[in-house]
Amino acid sequence: MCGRYSASSSPEQVAAHFSVTDVAVSDYRPRYNVAPSVKVLSIVEDEESRRLGLLRWGFVPKWAKQIGGKGQPINARIETVVDSRMFAASFARKRCIIPADGFFEWQDRGKSRPKQPYYIADPNSEPLAFGAIWTSWRDPATPENDPTFSMAIITTAARGAMTQIHDRMPLMLPATLWSDWLTADTDDAPHLVEAVTALGPPTLRATAVTSLVNSVRNDGPELITPGSVDD
């Protein structure tokens with residue numbers, strides 16, 4: 001699963017790295033402890049441009065009565081996303097990329113010891129590209145208002161060194177698949193599952209960090225500084 005990540009790069013840095021042609025972001029605050037329910041940098045593409053904007057993390061399905069209720073997941077499994085009642089339509093037509101510096105995961109060390117958080121990132125500090133899906137929702141009480149746009153990050157089975165920390169991880173797309181992920185049509189979308197599941201394990205570095213990341217109130221570079229929950 002992916003429940004926290006770091007996104008401290010500026011919109012301009014993200015746009016340059018991902019060849020974005022249209023930046024629709026203002027007053028963005030870099031974050032080291034991105035949590036569900038906040039609006040996050042997201043990349044979508046249509047026939048006219050590759051656009052960087054903001055999407056709410058937490059998938060709000062069309063049938064939801066309000067934002068923030070039950071049944072609004074933050075993740076979607078790659079194994080079932082094609083056929084899921086919740087996600088299938090978005091996977092077919094509304095895929096996006098979530099840029100990140102790295103993500104956090106917690107290693108279970110047994111009942112008598114607190115979980116150890118790790119910060120997982122590219123060893124060369126290159127940005128990560130999470131595969132994700134988005135949707136739009138209108139409040140049934142005020143349908144005339146602007147829609148809310150939200151997303152869920154795709155997860156896959158852990159591979160490589162990640163298997164020692166957790167059994168799931170975000171789906172990370174190599175640059176060779178960015179365009180296909182963003183633009184594949186409905187007929188080609190199922191083939192994306194084959195393409196991403198055939199990928200080898202990404203090269204990642206896992207660094208033990210302190211328990212500061214456990215609280216969403218903490219948000220600074222000290223969260224990714226090496227440490228231990230036992231410190």
Side-chain angles (χ1 to χ4, degrees), residues 1-14 23-43 52-60 64 66-76 96-122 125-130 132 134-135 137 139 148-155 158 162 165-172 204-231:
M1 118 174 237
C2 177
R4 300 280 182 81
Y5 69 93
S6 172
S8 63
S9 299
S10 69
E12 292 75 20
Q13 290 171 317
V14 171
V23 178
V25 179
S26 61
D27 299 324
Y28 177 75
R29 178 173 66 85
R31 295 175 179 269
Y32 289 86
N33 195 5
V34 180
S37 80
V38 304
K39 291 184 177 180
V40 302
L41 292 178
S42 312
I43 300 167
L52 179 67
L54 297 174
L55 294 173
R56 181 186 186 275
W57 188 13
F59 195 90
V60 185
Q66 62 183 11
I67 293 177
K70 293 183 178 180
Q72 297 178 20
I74 63 172
N75 297 142
C96 58
I97 289 175
I98 306 302
D101 302 321
F103 64 98
F104 297 94
E105 194 52 83
W106 284 257
Q107 182 185 53
D108 190 344
R109 302 187 299 168
K111 292 183 179 180
S112 61
R113 303 180 68 190
K115 291 183 178 181
Q116 172 61 57
Y118 283 84
Y119 178 64
I120 299 124
D122 180 271
S125 299
E126 290 293 316
L128 304 179
F130 297 160
W134 65 274
T135 190
W137 174 85
D139 188 339
T148 294
F149 297 97
S150 63
M151 68 84 184
I153 295 172
I154 304 288
T155 66
M162 270 299 297
I165 299 173
H166 200 271
D167 62 347
R168 304 292 296 178
M169 63 189 292
L171 173 65
M172 281 166 272
L204 299 168
R205 177 177 58 204
T207 303
V209 296
T210 71
S211 58
L212 285 173
V213 69
N214 292 357
S215 172
V216 296
R217 293 190 296 272
N218 299 323
D219 190 1
E222 64 275 10
L223 271 66
I224 62 175
T225 300
S228 169
V229 73
D230 299 320
D231 290 348

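Owing to the predicted nature of the structure, the values given are computational and were not obtained by experimental measurement.
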Tell me, please, which residues at least two apart from [X] pass side-chain contact (heavy atoms from CB on, under 4.5 Å).
| X | result |
| --- | --- |
| Asn218 | Leu212, Ser215, Leu223 |
| Glu126 | His17, Asp122, Asn124 |
| Val216 | Arg4, Ala35 |
| Ala121 | Tyr119 |

- Counting only N and O atoms by type, is there a donor-acceptor contact under 3.5 Å from the side chain of Trp137 to the main-chain atoms of Ala64? yes
[X]: partners by side chain to side chain donor-acceptor pair (under 3.5 Å), with sequence neighbours left out:
| X | answer |
| --- | --- |
| Gln116 | Ser228 |
| Trp106 | Asn214 |
| Arg205 | none |
| Ser8 | Asp101 |

Heavy-atom check, side chain of [X] versus side chain of [Y], under 4.5 Å:
| X | Y | answer |
| --- | --- | --- |
| Leu54 | Leu41 | yes |
| Pro117 | Glu105 | no |
| Met172 | Phe130 | yes |
| Val229 | Arg113 | no |
| Ser10 | Tyr28 | no |

- Task: Using the salt bridge (Lys or Arg N to Asp or Glu O under 4.0 Å) rule, collect all pairs that involve residues 214-223, keeping only residues at least two apart or in two chains.
- Result: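 Checked against salt bridge (Lys or Arg N to Asp or Glu O under 4.0 Å) - neighbours excluded - the pairs reaching residues 214-223 are Arg29-Asp219.
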